[in-house]
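Have a look at the structure below, then the notes.
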Amino acid sequence: MKRKDLQHLKIDSTLFETPSDSTVTTTVEGIAIQKQYSEEAIKALEDIDFAAGFAPFIRGISPMMYVQHPWQMNQVPQNTSLEKANQVYRNQVQQGQKEITLIAHTTPSTEIEKTQPSLHSIDDMKVLLAQLPLDELAVALYSGGSIVPLLACYLAAAEELGFEGQRLSGHLHSDLLSPILSTKGTFSLEKANKVALDTLSYLHQHHPNFNGVSLSNTALKTCNLTADQELAYSLMLGIDLLQQAGKQNIPLDYIATHLSYTWALGSNHFIEIAKMRAARGVWSTLLQPFNLKDEQASALSIRAQTSVLHPEFTGSMDSLGQTTVQATAAIFGGTQALHLQLPPTASTQLTAGQMQRFLVEEIKSCKTIDPWAGSYFIEKTTLDIAEKTINLIQTIANQGGIQPVLTALLQSQHKGSKSEATETKTTQLNPRKAVEDALAKLSHSVQTQGKNVLALAIEAAKARATLEEIHQAIVN
């Protein structure tokens, strides 16, 4: 059939014009968003022709990205029963999944958390992990507070289940700053740094396949910072940890390749895409002075998580809308893993796992590499965020480094809440003497050089201390 000729039709372009007071919108970062972009906007881009899989990794950390393999889909079983959740994990493994997700909810508070299994002790963990081939799986550990209680409980349970520590692998998803904010300053940045370094040191020695460093913007999101501040503070903290760990004779190439970024997603879709691309470029640049042996070691692995919907908005369309906007931003930004915090609702009956499959199959997100590559708008915004981040990093370095900057930020966040800090909620300690002794040693180790916090947390877990008890021993 011959296609109808429509060449004679004339379209009045003024019908599509919308009135505007300005041709430019300025973001909170001070980035000018133009109504229209041209090739002129990206002339300053040095990396425009760089492919994915090569430094500075703006287009992605592997040459084929999702064309070769989709992102890792991290989902927690929507079942409060440990036995039924274990069966879900076993079904996932039978279907070929190579990574399972564990999340610490000692006291579930959100609607999502109330549908997930609660872990309180090593015995709960052993029920959840029963008959799973842990030496063949990676585990993604999520915690809104200190990651140590969950990690210690997992490692202790795996040992009691008969698995060799050298063969265990996984990723930590946590924020070094979150416990400081949640305790209103009673848990200091100095203590948080020691816990992070002890964790990395112990994993390097006993569990070398674990990614022992987790950078994050989760806590910074709550401080209402700009995109360049989020990146500058979190990446500089990563460089600071890298330098401190290097002084402990941990190889820098090992640290760089066992590090990931736990990314808390926002709903400014295009800014999130550009920010994620900029983060990889800036991180690769920051690692250049370390002269790493392998260029791939400077690739920043990002593991993203959607935000929990505010309790005020509980409708299914609210949840779906926010989750979709954030999830697609993560995918177009080149995340390596994605955790959707989407509660199933009566009206949609859509689970987070089904949503993940929808994102793969329906929007054809695995058909091409870096779909926004070459977009004048995205490339220019990526450049703008990267430049602002690098300028801020240089300013921070000239002012004495990231530690005093973060200390001042954290103090401003809990200013006026000192009275609340002494009212920390505690749980009744297990009366057994072995537990009390283990917790006392753990608490002492947080402020004592030469005592490894993670090693003593594992001993506390083996003594049957609860995750909450371990957490309180660390932060109080």
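If you're wondering where the values come from, they're calculated on a predicted model, not measured in any experiment.
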Contacts of Tyr261 that satisfy ring pair (Phe, Tyr, Trp, His ring centres under 6.0 Å) - sequence neighbours left out
Trp263
Of all pairs that satisfy salt bridge (charged side-chain N to carboxylate O under 4.0 Å, His left out), the ones with a partner from residues 196-223, not counting sequence neighbours:
Lys194-Asp198, Lys221-Glu230, Lys221-Glu272
Trp283: ring pair (Phe, Tyr, Trp, His ring centres under 6.0 Å) partners, not counting sequence neighbours
none
Please report the closest heavy-atom contact between Ala227 and Lys275, naming both atoms and the distance.
CB-CD, 3.6 Å
Under 3.5 Å, is there a donor-acceptor pair between the side chain of Asn86 and the main chain of Leu128?
yes
Note: Lys388-Asp384 ion pair, threshold 4.0 Å (strictly below)
no
With a cut-off of 6.0 Å (strictly less than), are more than 12 heavy atoms of other residues, nucleotides or ligands near CD of Gln243?
yes
side-chain hydrogen bond (donor to acceptor under 3.5 Å, both in side chains) against Thr226, all qualifying residues, sequence neighbours excluded:
Asp228, Gln229
Distance-only donor-acceptor hits, side chain of residues 133-144, under 3.5 Å, sequence neighbours excluded:
| unit_1 | atom_1 | unit_2 | atom_2 | d |
| --- | --- | --- | --- | --- |
| Tyr142 | OH | Asn74 | ND2 | 3.1 |
| Ser143 | OG | Gly145 | N | 3.2 |
| Ser143 | OG | Ser146 | O | 3.1 |

Of all residues at least two apart in sequence or in a different chain, which pass the side-chain contact (heavy atoms from CB on, under 4.5 Å) check with Ser81?
Asn79, Glu83, Lys84
side-chain contact (heavy atoms from CB on, under 4.5 Å) between Glu436 and Leu439, worked out:
CA-CA 5 Å; Glu436 294 176 350; Leu439 292 171; 5.9 Å; no
Under 3.5 Å, side chain of Thr257 to main-chain N/O of Tyr254, donor-acceptor pair present?
yes
Determine whether Phe187 and Val446 make a side-chain contact, defined as any pair of heavy atoms from C-beta on separated by less than 4.5 Å.
yes
Can any side-chain N or O of Gln305 pair as donor or acceptor with the backbone N or O of Leu265 at less than 3.5 Å?
no
Donor-acceptor pair, side chain of Thr222 and main chain of Thr218, under 3.5 angstrom:
no
ring-ring contact (aromatic ring centres under 6.0 Å, His included) pairs, two or more places apart, involving residues 226-247
none
Note, Thr335 side chain near Tyr66 side chain (heavy atom, < 4.5 Å)
yes
Would you please name every residue forming a side-chain hydrogen bond (donor to acceptor under 3.5 Å, both in side chains) with Asn209, sequence neighbours left out?
none
Distance-only check: which donor-acceptor pairs under 3.5 Å involve side-chain atoms of residues 398-406, not counting sequence neighbours?
| unit_1 | atom_1 | unit_2 | atom_2 | d |
| --- | --- | --- | --- | --- |
| Asn398 | ND2 | Gln394 | O | 3.1 |
| Gln403 | OE1 | Asn193 | ND2 | 3.0 |
| Gln403 | NE2 | Asp240 | OD2 | 2.7 |

Under the salt bridge (charged side-chain N to carboxylate O under 4.0 Å, His left out) definition, can you give me all pairs with a residue in residues 145-174, not counting sequence neighbours?
Lys126-Glu160, Glu159-Lys462, Glu160-Arg464
Keeping His171 on the side-chain end and Asn211 on the backbone end, is there a donor-acceptor pair under 3.5 Å?
no
Please list all pairs meeting side chain to side chain donor-acceptor pair (under 3.5 Å) that have one or both residues in residues 445-461, counting only residues at least two apart or in different chains.
His444-Thr448
What residues, two or more places apart in sequence or in another chain, satisfy side-chain contact (heavy atoms from CB on, under 4.5 Å) together with Ser214?
Leu172, Ser174, Thr262
Side chain proximity check, Glu469 to Thr466, heavy atoms < 4.5 angstrom:
yes
Do Ile61 and Gln336 touch side chain to side chain, with heavy atoms closer than 4.5 Å?
yes
Under 3.5 Å, is there a donor-acceptor pair between the Thr27 and Glu29 side chains?
yes
